Number of protein chains: 2
Amino acid sequence: MRLATFRRHDDEPRVRRVGLVLGQGEHVRVHPFDVGFDLVELLAESPEWRDSQADVAAGGDGLTLDEVVLLPPVYPVAMRDFLTFEAHVDGMERGHGNPGPPDAWYDAPVFLFMAPHAVTGAYDDVPMPPDTERLDFELEVAAIVCRDVRDVTPEQAKAAIGGYCVMNDWSARDVQGKEMSLKLGPSKGKDFATTIGPWVVTADELDDARDEDGFLDLEMTVKVNGEQVGADRSGHMGWSFEQLVSHASRASWVKAGEVLASGTCSTGSLAESWGRTGSLTPPPLQVGDVVEMTIERLGTIRNAVAEPEDNVAPVAPARRRSRLEASA
Amino acid sequence: MRLATFRRHDDEPRVRRVGLVLGQGEHVRVHPFDVGFDLVELLAESPEWRDSQADVAAGGDGLTLDEVVLLPPVYPVAMRDFLTFEAHVDGMERGHGNPGPPDAWYDAPVFLFMAPHAVTGAYDDVPMPPDTERLDFELEVAAIVCRDVRDVTPEQAKAAIGGYCVMNDWSARDVQGKEMSLKLGPSKGKDFATTIGPWVVTADELDDARDEDGFLDLEMTVKVNGEQVGADRSGHMGWSFEQLVSHASRASWVKAGEVLASGTCSTGSLAESWGRTGSLTPPPLQVGDVVEMTIERLGTIRNAVAEPEDNVAPVAPARRRSRLEASA
C-alpha cells in the first residue's frame, strides 16, 4: 500500500491530509482518507485493518497529482542518517586522502541526528542555501518508524518499521566540510532541506523485495537535468534497516514518527565523484538544476534548485576569551 | 519566574503537569497550574499574562520537592548542542595533539543535533550506558525556544528564547571518539541521557544577569560525589544565545519546544582534563557516582550513575560488499 500526505492547492497551507495512492504513471490518483487519519498511526495498524480503511478511501473520487501538493509524508519527531554504503564511504575517504573505509566503519552502523524541521515535499523547489559554492544531493532510502522501541533485536525491530520512501539529503559540501573539521558533524551544511517522498510504501508490500539475508534490495537511480549520474542497489547497505533500528535502540528510544535513512548509496552524490577523481566533475548544483531520484517500487522525487532566500542574517565571529581576560 | 514540569508520585507515569516554583532551599514549593497549561506556551505569553496566571497558581497549596517527581521541563521537538566555550575547545584540541582551537571555530557557532528523546529529569538516576569505560558529564546552559523563527537577527531572536535551565550532556567518551573518527559526530556516545532542569527560569527574570554585550553571565559549577571538579561563567561563551538562535535560523526553522545548549564550559567535563594532562584524572564516572551541577539563579540538578540496563541487543558488524561481489 502507498500512503501520501498532501493538501489541495486551495486548502489552507497548514492542512495535512492522508491519501491512498492508486495507479501508475499518469494514472496515479490520491484517494483521501477521512480527516483525522494519521499516516504514522495507519502504519502501526495491522495490514488487514489498513486494507479495510483503504477500501473505503478507494471508493471515493481520486485526485490527480496536478490537483494536490505532495507534502513530506511525515514531519519527523527525530531524524537519523546512517552511513551504510561501503562503496560510498570508500569514495569519500579517498577524497580525504585515505585508502578506504576505516576499520571502525565495519564495527557498527554509525549515524548522526539531522535537522527534523527541514523536510520538504516530493516536488518542492529547494532554495540555494547561503554560503555555498558546492551544493550536492544524496540519494538514500528512508524508513518510517511507527512504534516506540528501546533495546530491541533486529527481529523485534521489524514491527517498528512502517514503510519506506525516497530521500534526498541535500548537502552544502563546503559548509559541511568546515563544520566536520570541528568534529561535531555537519549541521548548517545539511539543515536547509531534506526531501522525502513521494509517499510511503508500507513494509508488508516489500516482503518480496528482500534478499537472502532479509536486506531490502531495490534499484536506486539519480538524474541531474534528465541525465543519469548515479545508480546503486539498497541491497549494498552494510546493515539492514532492522539492524539500524536495533542499534539505534540500544539503551535509547526510537519513537513512532522518526525517520531513519540509509545514508548515501554509491555514486548517489557528486562529492563521491569529487573524492575519487580529485576534480569538481560533475559540477556542483546551480540554480535551475533539477535533481530526480527514483527507487524501484518506492517512486520518484524531483526538485529544482531555486534562487536563495534574500533575508539571511549575517554571522558574527566569536567574542574571544582573550579580550575578556585582557579587560579583567 | 520559575516553571517546572512534574508529576506526583501517585500520578500515572505519563502525567505531565506544569507548576510555579516559589521559595528557596528547603522552602521550595511547586504550585500546580491548572491541567492543560503547557510550559512552552506559557513561555511565549507576555510576562504580564504569565504573572496573572502565576498569581492564581500561587494561591493554591504548594507541593514540596519530596512530593513530586521533577520531569524534564520540555520534551524537545529538536535539540542542538553548540560548542561556544573557547577554553573547553582549547583543552579538547590539546587532547588530540593540536595547539588550540582551529580558526574555523572563531568564524561561526558550530552545533550538532542531539538525541531529542533522551532527556531525563533533574534528580533521575542515569544508567551506565553500554560499551563504555569512559563515562563523562558536560556542564552546560540550555535555552528553551518558545516561538518558531527563521532568518532572524540576534535582536529578533530574543523574543524566541523563553527561558533557561541547567543541562548535563552525559557522554561516553570512548564510544563518541570512535563515532567522531567517522566524521558524523557523536550519536550513540550521547544518546542515552541528557539531564535538563531543575526547572526553567524565564528570560525576563535574567535581564539583570547580562554583561555589557548582552551575554548571560552566570556562575556554573559541577561537583562529583560532593567535591567541586569544575567551574566557569556563562559569560565566557563565544556567542550569546540570541546569536546562536540567529545562526541556527539561517535558511532553516528553529521551532517552539526546541532546546539549544551552550556546549560544555571550561572545566565542565572530565575529558577536558584528560586532554590537558594526558591522563584519566579525575577518573571516568562509575556506578554510584553522583554528579551535581549548579548554575547561579537557574538551580541545581543532581544525578547518580546507576547499574546498566541488562537487555541491550548485540551489534552486528557490516555485511561486506566484497562478499556480495565475490558471489555475483
Side-chain angles (χ1 to χ4, degrees), chain A residues 77-78 80 83-84 86-87 102 104-118 127 129-130 151-154 178-185 187-188 191-192 213 215 235-236 238-239 243 246-247 249-253 255 308-309 311-313 315-321 324, chain B residues 77-78 80 83-84 86-87 102 104-118 127 129-130 151-154 178-185 187-188 191-192 213 215 235-236 238-239 243 246-247 249-253 255 308-309 311-313 315-321 324:
Chain A
V77 299
R80 306 173 201 240
L83 184 68
T84 69
E86 186 178 358
W105 181 81
Y106 294 92
D107 291 346
V110 73
F111 64 88
L112 80 166
F113 286 95
M114 297 178 67
H117 305 131
D151 289 324
V152 286
T153 63
K178 198 166 172 180
E179 292 176 327
M180 288 165 90
S181 76
L182 291 161
K183 303 182 187 67
L184 297 190
S187 47
K188 294 302 293 178
D191 74 348
F192 51 94
D213 291 330
F215 284 48
H236 291 159
W239 293 266
Q243 289 175 319
S246 170
H247 180 66
S249 82
R250 300 180 81 232
S252 192
W253 283 106
K255 295 217 167 187
E309 298 177 15
N311 54 346
V312 176
V315 185
R319 183 170 84 162
R320 286 174 185 256
R321 183 75 189 276
L324 292 175
Chain B
V77 299
R80 305 171 201 241
L83 184 68
T84 69
E86 186 178 359
W105 180 81
Y106 294 93
D107 292 346
V110 72
F111 65 87
L112 80 165
F113 285 95
M114 297 179 66
H117 305 132
D151 289 325
V152 287
T153 64
K178 200 166 171 178
E179 292 176 328
M180 289 166 90
S181 77
L182 291 160
K183 303 183 187 65
L184 298 190
S187 47
K188 293 304 293 179
D191 73 348
F192 51 93
D213 291 330
F215 284 47
H236 291 158
W239 294 266
Q243 289 175 320
S246 170
H247 179 67
S249 82
R250 299 179 82 233
S252 193
W253 283 107
K255 294 216 168 187
E309 297 178 15
N311 54 347
V312 176
V315 184
R319 183 170 84 162
R320 285 175 185 256
R321 182 73 188 279
L324 292 175

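This one's a predicted model, so the numbers in the text were calculated from it and none came from an experiment.
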> Using a cut-off of under 4.5 Å for heavy-atom pairs, which of B/Ala104, B/Pro109, B/Ala115, B/Ala108 has the most such pairs with chain A?
Replying inline: B/Ala115

>> Heavy-atom pairs under 4.5 Å with chain A - which of B/Leu112, B/Thr84, B/Asn311 has more of them than the others?
In response: B/Asn311

>> To the closest 0.5 Å, what do you measure between CG (A/Leu184) and CE (B/Met114)?
In response: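 Here the rounded value is 11.0 Å.
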
Between [options], who has the most heavy-atom pairs with chain B when the cutoff is under 4.5 Å?
options	result
A/Pro130, A/Ser252, A/Pro127	A/Ser252
A/Met180, A/Glu179, A/Arg250, A/Arg80	A/Arg250
A/Ala318, A/Gly185, A/Pro116	A/Ala318
A/Pro308, A/Pro129, A/Ala251	A/Ala251

> Charged N to carboxylate O under 4.0 angstrom, B/Asp107 versus A/Lys178?
Replying inline: yes

> Would B/Asp191 and A/Phe111 count as a side-chain contact (heavy atoms from CB on, under 4.5 Å) if you check the C-alpha gap in whole Å, the side-chain angles of each, and the deciding distance to 0.1 Å?
Replying inline: CA-CA 11 Å; B/Asp191 73 348; A/Phe111 64 88; 4.3 Å; yes

> Which residues satisfy the side-chain hydrogen bond (donor to acceptor under 3.5 Å, both in side chains) test with B/Ser249, sequence neighbours excluded?
Replying inline: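 side-chain hydrogen bond (donor to acceptor under 3.5 Å, both in side chains) check on B/Ser249 returns nothing, list empty.
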
> Do you know which two heavy atoms are closest between A/Leu182 and B/Leu83, and how far apart they sit?
Replying inline: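 Looking at all heavy atoms of both residues, the shortest contact is O-CD2, 4.3 Å.
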
> Considering all heavy atoms of both residues, which atom of A/Arg319 and which atom of B/Gly235 are nearest to each other, and what is their separation?
Replying inline: NH2-O, 2.7 Å

> Is a donor on one side and an acceptor on the other found under 3.5 Å between the side chain of B/Lys188 and the backbone of A/His247?
Replying inline: yes

> When you measure from the side chain of A/Thr153 to the backbone N and O of B/Ala313, does any donor-acceptor pair fall under 3.5 Å?
Replying inline: no

> So do the side chains of A/Arg320 and B/Tyr106 get within less than 4.5 Å of each other, counting heavy atoms only?
Replying inline: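 With C-beta onward as the side chain, the pair touches.
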
> Got a sec, which residues hit salt bridge (charged side-chain N to carboxylate O under 4.0 Å, His left out) with A/Lys255, two or more places apart in sequence or on another chain?
Replying inline: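 So A/Lys255 forms no salt bridge (charged side-chain N to carboxylate O under 4.0 Å, His left out) with any residue.
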
>> Report which part of B/Ala118 has an atom under 4.5 Å of a heavy atom belonging to chain A: side chain, backbone, both, or neither.
In response: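 Nothing of B/Ala118, per the 4.5 Å heavy-atom cut-off to chain A.
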
